[in-house]
Amino acid sequence: MNKYHGRSTTVLRPRTAQEVSAIVRHCNERRIGVVPQGGNTGLVGGSVPVKDELVVSLGNMNSVRSFDDASGILVADAGCILQSLSDFLLPHDHVVPLDLGAKGSCQIGGNVSTNAGGLRLLRYGSLHGSVLGLEVVLPDGTILDQLTTLRKDNTGYDLKQLFIGAEGTLGIVTGVSILTAAAPQASNNIMLALPAFSNVLPLYKEVKRQLAEILSAFEFIDRSAYDLAVKHGQGRALDEADVAGADCFVLVETSGSSREHDEQKLYKLLEDLMGQEPSLINSGVLATSPAQFSSLWAIREGLTEAVGKEGKAYKYDISVPQDKFKEVLDITREHLASKGLMHDQAVKHVVGYGHVGDGNLHLNVVANAYTAEIESALEPFVYELVAKYHGSISAEHGIGVMKTHALPYSKNAVSIEWMKKIKNLFDPNGIMNPGKVLEL
Ligand code: FAD
Ligand code: S2G
Ligand code: ZN
């Protein structure tokens, strides 16, 4: 629940790193707080002021600086929107090694600053691996130019890694050098309906074994999430026969270099799965057209919106063991029921979806309204539950301002102490995104 409403009087939209540097130097000398803002799609309140900080919006820094289509290395302004970079790369037969539902608004600088995971981390890995260099304006206005396009550069500490996931608390990212990936010549997807959650991991193993190098996404959708997506018109519903008796769904995507080769693999996988006794799946709907491919993805990518339309969402983006996804959902539901809160006037649904390969579950508690009673039932309950599994209270969305109090559930005191030392080293005046990640 975002109860943090700062009142910023000023938003500046610089066009160059030099302008960002001048703004930050000015603010640092006068102890004026600064909030770096990208596409403002973050989900933990990281890009909005807590008090009266000045907002530095990167939206006007949206040029591609260079692209080398042999190496696939792209250097772009931080304010480039993710979708715009994808559009730029398409004719060059490359893709950004990142994809998320917010691609139409989020910026590459924000993606780096939140270390966004997204729908294809399984295939393209983390930004800690694909980002080669950064240009960052430090809290004293210094421009740290590490915009290397070298794949290998083992010369001292890898400073850029500090800014990936720092959520704008150590400096403002103004330029990004990233290794893009060769565009798949053929993408396909299949929505599998499972009779039981316990089949998800055996299915994951079988899918990895059979699809191997062409597997690019393996997304979990529980039944209540699927029903919400359909209710709110996200993508086209599957046939009733395909969903009857399904406890959950898995959306599998392949990205390869030859359609017939990939389809052969997919058909064989489906045949094998359907031929097993008992089968891991009830049914499988294989996209047979670009429209159906998009429609199957729309069910998954539309879940955030569907949840938001259904009610007030308490969002928990957590890392827990892959085989515990359902247990976490059931325990949360039972806990709320034990408090008499599982009914339409309080909590309407507890839904789960997420990135199985990353062990990342999006636990969404959909309430009729935000209330202190529901929040006190959920926190610290959910955080303690995650800690019990030695998980993370924030898998990919970051801490922002909303989860600073929960950091100790996933980071020990020594780790937090050294984070504070690093923050102090870079930002001794505490002007850079104050109140985010680390409590004031
Ligand atoms: P903002 O929201 O503007 O800012 C996010 C944080 O980064 C803030 O702390 C801000 O201060 C800082 N920041 C922004 N730009 C800079 C910069 N240039 N320099 C320094 N700091 C900066 N996230 C995932 O990880 N995976 C998903 O699958 C995913 N799916 C989403 C789907 C939807 C529909 C929505 C609405 C959000 C989703 N998100 C997801 C969350 C969000 O899109 C990501 O965190 C995204 O990376 C934020 O980018 P942004 O440009 O909007 O940043
Ligand atoms: C996703 C988006 C935000 C949410 O869909 O993968 O990261 O929790 C999420 O709905
Ligand atoms: Zn996600």
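Just so you know, ligand 1 is whichever comes first in the structure, and atom 1 is the first atom listed for that ligand.
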Between [X] and [Y] (salt bridge meaning N to carboxylate O under 4.0 Å), is one present in this structure?
{"X": "Arg120", "Y": "Glu253", "result": "yes"}
{"X": "Arg300", "Y": "Glu219", "result": "yes"}
{"X": "Lys403", "Y": "Glu167", "result": "no"}
{"X": "Lys388", "Y": "Glu384", "result": "no"}
{"X": "Asp227", "Y": "Arg223", "result": "yes"}

Can you name the atoms of ligand 1, numbered from 1 with element, that are less than 4.0 Å from a heavy atom of [X]?
{"X": "Ala116", "result": "25 (O), 47 (O)"}
{"X": "Ser113", "result": "7 (O), 12 (C), 13 (N), 16 (C), 17 (C), 19 (N), 20 (C), 21 (N), 22 (C)"}
{"X": "Ile172", "result": "19 (N), 20 (C)"}

Practice task
Could you tell me which N, O or S atom of Glu396 is nearest to the Zn ion (ligand 3)?
Solution key: OE2
Between ligand 2 and the protein, tabulate every N or O atom pair separated by less than 3.5 Å, reporting distance only.
residue	atom	partner	partner atom	Å
ligand 2	5 (O)	Arg300	NH1	3.0
ligand 2	5 (O)	Arg300	NH2	3.3
ligand 2	6 (O)	Arg300	NH2	2.8
ligand 2	6 (O)	His355	NE2	3.0
ligand 2	6 (O)	His362	NE2	3.2
ligand 2	7 (O)	His362	NE2	3.0
ligand 2	7 (O)	Glu396	OE2	2.9
ligand 2	7 (O)	His397	NE2	2.7
ligand 2	8 (O)	Lys315	NZ	3.4
ligand 2	10 (O)	Thr304	OG1	2.7
ligand 2	10 (O)	Lys315	NZ	2.9
ligand 2	10 (O)	Tyr353	OH	2.6

Does [X] approach ligand 1 within less than 4.0 angstrom via side chain, backbone, both or neither, non-hydrogen atoms only?
{"X": "Val173", "value": "both"}
{"X": "Leu43", "value": "side chain"}
{"X": "Thr41", "value": "both"}
{"X": "Asn433", "value": "side chain"}

Handout entry: Asp317 near the Zn ion (ligand 3) via N/O/S, less than 2.8 Å
Key = no
Handout entry: His397 N/O/S atom closer than 2.8 Å to the Zn ion (ligand 3)
Key = no
Problem - His335 side-chain N/O to Leu378 backbone N/O, donor-acceptor pair under 3.5 Å - result: no
Practice task
Please work out the angle at the Zn ion (ligand 3) defined by atom NE2 of His355 on one side and atom NE2 of His362 on the other, rounded to 10°.
Solution key: 100°
Exercise for the section: Go through the side-chain N and O atoms of Asp317 and Asn360 and say whether any donor and acceptor fall under 3.5 Å apart. Expected result: yes
Exercise for the section: Could you tell me if the ring centre of Phe163 sits under 6.0 Å from that of Phe426? Expected result: yes
Problem - Proximity flag His397 to ligand 1, non-hydrogen atoms under 4.0 Å - result: yes
Handout entry: Ring-face cation contact, Tyr314 with Lys312, 6.0 Å cut, 45° max
Key = no
